[in-house]
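Remarks on the structure that follows.
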Amino acid sequence: MSAPAAPIRRLDPVLVDRIAAGEVVERPASAVKELVENAIDAGTRAIEVTIESGGRRLIRVVDDGRGMSPDDLTLAVERHATSKLPDGDLGAIATLGFRGEALPSIGAVSRLSITTRAEGAEAGASLVVDAGRKGEVVPAAGARGTRIEVTDLFAATPARLKFLKSDRAENAAVGEIVRRLAAAQPGIRFTLRTEAGQPLVLPAETGDEASLRRLAAVLGPDFPANALPVGLEREGFAVTGHVGLPTFHRGVGSHIHLVVNGRPVRDRLLLGAVRGAYADTLASDRHPVLGLVIACATDLVDVNVHPAKTEVRFREPGLVRALIVSAIHDALRRGGARSATTGGQRTLEALRPTLPRMTAHTGYTAPSLFHTATAPLPRGLPSFAAPSGYSTPAYRPTPGLAESVQALLEPAPSLPPQAEAAPESDPAGEDHPLGAARAQIHGTYILAQTRDGLVIVDQHAAHERLVYERLKAQRAAGGIARQGLLIPDVVEMEPEAAERLCACAADLERLGLSLEPFGPGAVLIREVPALLVGASIRDLVTDILDALDASGLEEGGDPATETGPLGRRLDAVLSRMSCHGSVRAGRRLKPQEMNALLREMEATPNSGQCNHGRPTSVELKLADIERLFGRR
């Protein structure tokens, strides 16, 4: 027989608080977040956080904000009591905390001590909440502001302690919370003290570059040199901040800082917009580094959708996503051919251990390492014209270059030894960002000289990006130029692959590839993009199939919508196609051709990285090279 049902009864208020605390206080970092947000809302100018044993033994948060009166202190530890909703309007929340649950939740699972003094008050007040049991408010001495100490966290709920990680992991989680709040509030001084190592001190920042300086303190000193400013407004929303170059990336997404009306968030919509904006400039297993601030009227965003307040809901989510994508795209286009400065640093670090310590002496002749070519090539190089719609600087590629990509794709015969000579001097070219070409190394890398260093360019990776950007520009302008084959090419494949390819024929035709079924397990190719004439049709179709499998393109749509899912899938196909129209590694180039490639890189957006996210160039400063050889 089953036991009789127990009568329904009200839970003990202390037990209710402990159960509710699980939604707000998951770990020490959660408690730190709630307490620091309260300090920010109190108008503080400096916040000091101290933790011991990962926050289990002690969490102390001290601020110099407005403080509280004894009456306010009494209500502060009551559930659903808050000063942050003066008119009760949940659609106009302008503070970081508003639920009135933080202090009672923390007090329910620990020993909570609060000492506070309001601005202008002669004395302060103190209150202790021990495992949910509230003590009396008593007078206390103290400076203006509030001092909160949380000891023996989760002592009242021992089961929760079992799920905490090591002190080191909990320290790291607290540090991450403090950094995210600091990135969102550059005007406040933050200090974090733990038992491990030196304290984290982030001074208050002021002035025009306050946000960038705070981001540098949070994301690392290399960030400013590899960041691009962002600023775009549309229909009541504004996006500002700084985004890292695509070649300045990380293996995890923790270096993405997103702020909405002063609130740091980890919102799926915003993270998806960031990933979409970097989609064809970043390797799939890497993450960008950035700090973005989204500002809007409080009635355009709902921050009351998550207990931890880490997610938000916008009234116009599509508009916000498009705004973020456009803002990042604009910034990356302005970045042009820039690659991360850390590439040069890694290059020097890789070289330094292998180079012997050398002292210059009379009669020393450097070994011949570089190949330079000045003899005419039997076949030409395409003119590296900027894609339609892009702003081209005053300089232009050297005229007289060959016009056919087909000739470029054909193998070039070896040059005779007597054809190898130093390129002509071009001092003016050194003023360009990528400098003047001086040599070609192993038929693959272009060595260019700038006023204060040198640049090494991967010719295949660079030209691949140029072809890709040109194809994208043609697609956006209404259609990719294509050329009919004199003799249509039949490509055989698995019947399922042929059906999948033919199902996308309408979209692929807009990309310049015209095909039709040719019996079971074959397709007939009639036209190809003009930029890819001469490429292997079979290899091209195989790569397109791989791109379709990876992106899931199975139906038609508007290919001109760059920010939509279909547009991104078509871009993935174009990325594969552009590889077949690129100058190959091992192809020797004349100085004029190398310089034309450099100038076109400078005029083409996103040319600092190839379609796979790898850098197309590495810059080495002369001062660093001199240190490498012991001259400094």
Side-chain angles (χ1 to χ4, degrees), residues 222 225-226 228 244-248 281 332 334-352 355 366 369-374 381 384 386 392-398 422-466 469 582-583 585 587-610 612-629 631:
D222 289 329
N226 295 282
L228 302 166
L245 294 168
T247 46
F248 185 75
T281 59
L332 297 183
R334 291 195 304 271
R338 286 181 58 190
S339 289
T341 59
T342 51
Q345 296 169 6
R346 288 193 297 267
T347 302
L348 292 169
E349 290 169 1
L351 290 173
R352 189 171 287 110
L355 288 175
L369 299 177
F370 305 133
H371 160 79
T372 62
T374 57
L381 190 74
F384 297 97
T392 305
Y395 44 82
R396 293 288 188 272
T398 304
E424 299 175 2
S425 176
D426 181 18
E430 298 177 5
D431 293 327
H432 294 302
L434 295 179
R438 290 290 179 261
Q440 186 186 30
I441 308 172
H442 296 296
T444 303
Y445 303 100
I446 297 172
L447 185 65
Q449 179 175 328
T450 63
R451 288 293 181 188
D452 59 350
L454 60 89
V455 177
I456 304 173
V457 175
D458 183 334
Q459 66 188 44
H460 170 68
H463 194 224
E464 182 180 4
R465 169 58 70 173
L466 298 182
E469 292 296 333
S582 305
V583 59
R587 182 65 185 272
R588 296 180 178 180
L589 306 177
K590 295 186 294 183
Q592 296 91 332
E593 296 167 334
M594 290 187 282
N595 280 313
L597 179 62
L598 298 179
R599 300 293 80 80
E600 205 55 44
M601 288 177 65
E602 294 162 351
T604 301
N606 303 318
S607 62
Q609 58 282 322
C610 74
H612 314 291
R614 296 189 297 269
T616 57
S617 65
V618 173
E619 182 178 9
L620 304 178
K621 295 297 184 182
L622 183 59
D624 294 328
I625 298 173
E626 289 175 342
R627 278 191 289 268
L628 184 67
F629 285 95
R631 290 180 174 270

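Note that these values count all heavy atoms, side chains included, but never hydrogens, waters or copies made by symmetry. For reference, positions follow the sequence shown, starting with 1.
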Polar side-chain atom of [X] near backbone of [Y] as donor-acceptor pair, under 3.5 Å:
X      : Y      : result
Thr247 : Leu245 : no
Arg438 : Leu447 : no
Glu626 : Arg631 : no
Asn226 : Thr341 : yes
Asp624 : Leu620 : no

Where do [X] and [Y] come nearest, in terms of heavy atoms and distance?
X      : Y      : value
Pro246 : Leu332 : CD-CD2, 3.7 Å
Ala437 : Met594 : CB-CB, 3.6 Å
Cys610 : Arg465 : O-NH2, 3.2 Å
Met601 : Ala462 : SD-CB, 3.5 Å
Gly435 : Ala448 : C-CB, 4.3 Å

Would a 4.5 Å heavy-atom cut-off, applied to side chains only, mark [X] and [Y] as touching?
X      : Y      : result
Ile456 : Leu454 : yes
Arg451 : Leu622 : no
Asp458 : Arg614 : no
Ser617 : Leu434 : yes
Glu464 : His612 : yes

Salt bridge (charged side-chain N to carboxylate O under 4.0 Å, His left out) involving Asp452 - partner list, sequence neighbours excluded: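 Salt bridge (charged side-chain N to carboxylate O under 4.0 Å, His left out) list for Asp452, sorted by chain: Lys621.
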
Presence of salt bridge, Arg588 and Glu593, under 4.0 angstrom: no

Criterion side chain to side chain contact (heavy atoms under 4.5 Å, CB included) against Gln459, the qualifying member of Ile441, Leu597, Thr616: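 It is Leu597; the other options fail the test.
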
Inter-residue atom distance Glu469.CD - Asn606.CG, 0.5 Å rounding: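 Between atom CD of Glu469 and atom CG of Asn606 there are 4.5 Å.
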
Ser607 and Leu466: CA distance, side-chain angles, deciding distance, side chain to side chain contact (heavy atoms under 4.5 Å, CB included) verdict: CA-CA 7 Å; Ser607 62; Leu466 298 182; 4.3 Å; yes

